**Student:** 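After the structure tokens below, expect a handful of questions from me.
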Amino acid sequence: MYMEVNIHIYLKKLRDFFENDKEAREDMFGHTQVDMEEFFKMVTEQATINNKKNGDPMLSGTEMLDIVTDLALKDVEKELDTKQFVKRQKEIEKVFVHLKEGFPPFCLN
């Protein structure tokens, strides 16, 4: 895959930064185990977009946060079976009764 030189340099510096500065990596990702290859794939995509727009591949703080958030949400989706969660919520809602508008439902269990 062809990549602009300035994108390649940016990614190399970013990769070296996270490999050499464990504290910065922990600040960025917390104590979670992040798939760094997936992270750099997403950074490459955004850096390419930025380079085409304004000639600079550097990601903004917001763009970097969006990528980290997307990675975290992917991990949550793997752990949480959403179909099972929705099914369980519907079962719980059947137990509660709404008697009067403006008041919370109640349950007789």
Side-chain angles (χ1 to χ4, degrees):
M1 177 179 136
Y2 171 74
M3 186 184 317
E4 295 285 332
V5 174
N6 57 348
I7 297 173
H8 186 72
I9 292 169
Y10 173 69
L11 292 172
K12 175 72 172 133
K13 287 182 178 181
L14 191 63
R15 188 177 294 271
D16 289 344
F17 176 71
F18 282 124
E19 286 177 1
N20 296 327
D21 192 344
K22 302 298 180 190
E23 186 176 328
R25 183 175 173 163
E26 189 175 297
D27 287 344
M28 177 67 82
F29 304 109
H31 295 286
T32 60
Q33 295 296 324
V34 174
D35 181 1
M36 292 305 287
E37 291 307 314
E38 182 68 19
F39 170 74
F40 283 112
K41 179 183 171 192
M42 294 172 79
V43 169
T44 302
E45 291 170 2
Q46 187 61 48
T48 303
I49 292 169
N50 290 353
N51 194 52
K52 287 179 182 177
K53 280 184 182 177
N54 57 15
D56 185 12
M58 185 176 286
L59 275 66
S60 69
T62 304
E63 291 168 335
M64 194 69 77
L65 181 62
D66 288 344
I67 290 172
V68 172
T69 303
D70 287 347
L71 287 172
L73 289 176
K74 285 181 183 179
D75 286 345
V76 168
E77 287 175 356
K78 288 178 187 175
E79 293 179 18
L80 179 65
D81 182 7
T82 53
K83 290 180 182 178
Q84 185 66 22
F85 178 77
V86 170
K87 181 180 175 185
R88 182 75 177 129
Q89 284 299 107
K90 288 181 180 179
E91 290 173 2
I92 291 172
E93 288 175 6
K94 291 178 186 177
V95 176
F96 289 88
V97 178
H98 292 274
L99 289 180
K100 190 170 183 179
E101 190 65 33
F103 290 92
F106 72 96
C107 171
L108 298 174
N109 52 0

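Everything numeric here is computed off the predicted structure, so don't read it as measured data. Atom set for the values below is all heavy atoms of this structure, side chains included, hydrogens, waters and symmetry mates excluded.
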**Student:** Membership question, hydrophobic clusters at under 4.5 Å side-chain separation (ILVMFWY): are L65 and F29 in the same one?
**Tutor:**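 No: no chain of side-chain contacts under 4.5 Å links F29 to L65.
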**Student:** With side chain to side chain contact (heavy atoms under 4.5 Å, CB included) as the criterion, how do E38 and K41 come out once you've worked through the C-alpha distance, each side chain's angles and the decisive distance to 0.1 Å?
**Tutor:** CA-CA 5 Å; E38 182 68 19; K41 179 183 171 192; 4.1 Å; yes
**Student:** Drop me the distance from E19's CD to L14's CG, to the nearest 0.5 angstrom.
**Tutor:** 10.0 Å
**Student:** Can you see which heavy atom on F40 is nearest to which on R15, and at what distance?
**Tutor:** CZ-CA, 3.4 Å
**Student:** Are I49 and I67 connected into the same hydrophobic cluster when the rule is that any two of I, L, V, M, F, W, Y join if their side-chain heavy atoms are below 4.5 Å apart?
**Tutor:**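 Cluster IDs for I67 and I49 differ.
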**Student:** From L71 CG over to D66 CG, what is the distance, rounded to the nearest 0.5 angstrom?
**Tutor:**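 So the CG of L71 and the CG of D66 are separated by 11.0 Å.
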**Student:** How close do M58 and E63 get, counting heavy atoms only, and between which atoms?
**Tutor:** O-OE1, 4.2 Å
**Student:** Over all heavy atoms of both residues, which pair between C107 and V95 is shortest? Give the atoms and the distance, please.
**Tutor:** SG-CG1, 3.1 Å
**Student:** What is the minimum heavy-atom distance between N50 and P57, and which atoms define it?
**Tutor:**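 Smallest interatomic distance, heavy atoms only, reads ND2-O, 3.8 Å.
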**Student:** Can you give me the closest heavy-atom contact between Y10 and L59, atom names plus distance?
**Tutor:**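 Heavy-atom minimum between the residues: OH-N, 3.2 Å.
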**Student:** Does the pair R25/D21 count as a salt bridge with the N-to-O cut at 4.0 Å?
**Tutor:**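 Salt bridge absent between R25 and D21.
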**Student:** What are the two closest heavy atoms between F18 and A24, and how far apart are they?
**Tutor:**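 In this case the closest contact between F18 and A24 is CE2-O, 4.1 Å.
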**Student:** Between K94 and E91 (salt bridge meaning N to carboxylate O under 4.0 Å), is one present in this structure?
**Tutor:**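 No, no charged N to carboxylate O under 4.0 Å.
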